[in-house]
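Below is one structure, written out as structure tokens; the observations come after it.
Both counts, for ligands and for their atoms, begin at 1 and track the order of listing. Numbers here are sequence positions counted from 1.
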Amino acid sequence: MEDAFIVQGGKALKGEVSLSGAKNVALKVAIAALLFDTPVTFKNIPHIKDVTELLSLLESLGVKSTFNNNELMIDPTGLTNDKVDLLHGSKTRVSFMLFAPLLHRFGTALIPNPGGCRIGARPIDRHIKMLESFGVTVVYDSSTGYYHAKTNGNKLMGTNFRFEKPTHTGTELAILMATLCPGISRIENVAQEPEIDDLINFLNSSGGQIKRVGHAIEINGVDRLKYSGAPYQIMNDRSEAPTLAVFALATKGDIFIKGATEKDLHFFIEAVRNIGGGVEIGETGIRFYYDKPLVATDITTRPHPGFMTDWQAPWAVLMTQAKGESTIHETVFEDRFGYVAELKKLGARIEYFTPEQSNIDYQFSMDDTINNKAHHQAIRISGPTLLHNGVLEVKDLRAGATVLIAALVAQGESVVNGVSIIDRGYETIDKKLGLLGAELKRV
Ligand code: EPZ
């Protein structure tokens, strides 16, 4: 296998497609299951590489699981190993969330520097400070690339902690830490993403006592979590929906996305209407369709409830087809334009620029801007451009979907290399696109 798609572009994509379960919930509830002392089952879990890689990591710790037809059973009773091996740990960004169950179970945890997409430094300094507030000692051994965490033999106790800047997975790790800690923990300046609420709902369905209080979360620690016995159904993927919508709009098509909800996509829907895209919100999903020539607009990504950072890469392809000059200002990750060079191979007219930054609250720490390109937190796109075919490389998950959309927009045959990265976060993407009339072959 070449790990590539051969794509015949230039066709409008039309039809109905169903959303998969949310990758960024599936990964967290699988780890949360290790806080239980009995098996736990979930529904609507997407069959994607990030999930199967995580299950393989959990198996290396002694945790058995079964995963069929989007139903996942995790049996935490076999957990016997407090060390995540480098191979498994380097393959997924969420491996560091295992600090919580390993520290609760063993009082120690050895976890390598997290892997995941290459969209910036993605340090975990905020997570470490939060762990230390629970009385955990964390030492990073740069000679091995491992974090050594331990509770110093004391029982983990609740804490009051304030994140200096919100972090999505940092907030989730704090919840996993506090859920089984005696006493009330109050975590301030937490992230607002809905995926976190799904994790909270799951834990509360099993006896957890967790609630949002404004921009804080209060957790009343319990002795143990008691699985309700009913499989927990996770939410649909809030990053997949806009990607599929852009597949339709950019190819002048018309698709109905079953399972998409207005509440999770508010700012995306507003932006689509703003550029002249067609949107019809139905009972069971949302229809996105090409209605008239698209016009350019300016987007700034923000943490929830703003225009999500995961949506900006696919959005960029759409802007190459819109009339006028558009801009995308990325404020969450410091290096998330890996797709720009690929789109320019197809003739896209895109340039970096440094926007007026005085009043922007960037979510990354400025000393993580890894090179002068990262200072260009924005791109300017001129359109419309007739994209021609090319050979494209996938840089990261969302950029992968972006180059695939571009190949489907471009006239002629294109090759997209590195599609296993797309498989990390999009369930059977080639099957779904085939249902919409796309001509692509996995080789
Ligand atoms: C989660 O990443 C998601 N990943 C991302 O989805 C999503 O884009 C992001 O949240 C925003 O919603 C998962 O849930 C697995 P952050 P996360 O911590 O938690 C910096 C996808 O494509 N930061 O809120 O890593 C960080 O570098 C992925 O599905 C620190 O500097 O995001 C980033 O610039 C991509 N130090 C910013 O904050 C820290 O200790 C926001 O990161 C933590 C974060």
Inset, instruction - For Arg93, counting its heavy atoms only, list the atoms of ligand 1 lying under 4.0 Å from any of them. - result: 25 (O)
Legend entry - Partner of Ile275 by side chain to side chain contact (heavy atoms under 4.5 Å, CB included), out of Leu249, Thr297, Ile299: Thr297
Inset, instruction - Ignoring angles and geometry beyond distance, decide whether Arg398 reaches within less than 3.5 Å of ligand 1 through its nitrogen or oxygen atoms. - result: yes
Legend entry - Sub-4.0 Å atoms of ligand 1 with respect to non-hydrogen atoms of His127: 39 (C), 40 (O), 43 (C)
Inset, instruction - Of the side chain and backbone of Ile128, name the one, both, or neither that has a heavy atom under 4.0 Å from an atom of ligand 1. - result: neither
Inset, instruction - Give the contacting part of Thr167 toward ligand 1: side chain, backbone, both or neither, where contact means a heavy-atom distance below 4.0 Å. - result: both
Inset, instruction - Determine whether the side chain, the backbone, both or neither of Asp310 has a heavy atom under 4.0 Å from any heavy atom of ligand 1. - result: side chain
Inset, instruction - Give the numbers and elements of all ligand 1 atoms closer than 4.0 Å to a heavy atom of Gln363. - result: 20 (C), 37 (C), 38 (O)
Legend entry - Option set Lys23, Arg424, Arg126, His168, criterion heavy-atom distance to atom 16 (P) of ligand 1, minimum: His168
Legend entry - ligand 1 contacted by Pro123 (non-hydrogen, < 4.0 Å): yes
Legend entry - Residue Thr309 vicinity, atoms of ligand 1 by number, heavy atom under 4.0 Å: 8 (O)
Legend entry - Where ligand 1 meets Val94 - atom numbers and elements under 4.0 angstrom, heavy-atom basis: 15 (C)
Inset, instruction - Would you confirm whether Gln192, through its side chain, and Val190, through its main-chain N or O, come within 3.5 Å as a donor-acceptor pair? - result: yes
Inset, instruction - Verify, without hydrogens or angle tests, whether Ser56 (side chain) and Thr52 (backbone) share a donor-acceptor contact under 3.5 angstrom. - result: no
Legend entry - Main-chain N/O of Phe333 paired to Glu330 side chain as donor or acceptor, under 3.5 Å: yes
Inset, instruction - Go through the structure and list residues passing ring pair (Phe, Tyr, Trp, His ring centres under 6.0 Å) with Phe96, not counting sequence neighbours. - result: His127
Legend entry - Option of least heavy-atom distance to atom 14 (O) of ligand 1 (set: Lys28, Glu195, Glu193, Glu330): Lys28
Legend entry - SB check Arg186 Glu188 (cutoff 4.0 Å): yes
Inset, instruction - Assert yes or no for the condition that the ring centre distance of Phe353 to His329 is strictly below 6.0 Å. - result: no
Inset, instruction - Determine, step by step, whether Asn24 and Glu195 satisfy the side-chain hydrogen bond (donor to acceptor under 3.5 Å, both in side chains) criterion, reporting the C-alpha distance in whole Å, the side-chain angles of both residues, the deciding distance to 0.1 Å, and the verdict. - result: CA-CA 7 Å; Asn24 292 339; Glu195 290 80 11; 5.8 Å; no
Inset, instruction - With Lys83 as the cation and Tyr146 as the aromatic partner, state whether NZ or CZ is under 6.0 Å from the six-membered ring centre and within 45° of the axis. - result: yes
Inset, instruction - Kindly confirm or rule out an N or O of Pro166 lying under 3.5 angstrom from an N or O of ligand 1. - result: no
Inset, instruction - Please confirm whether Arg336 comes under 4.0 Å of ligand 1, counting heavy atoms of the residue only. - result: yes
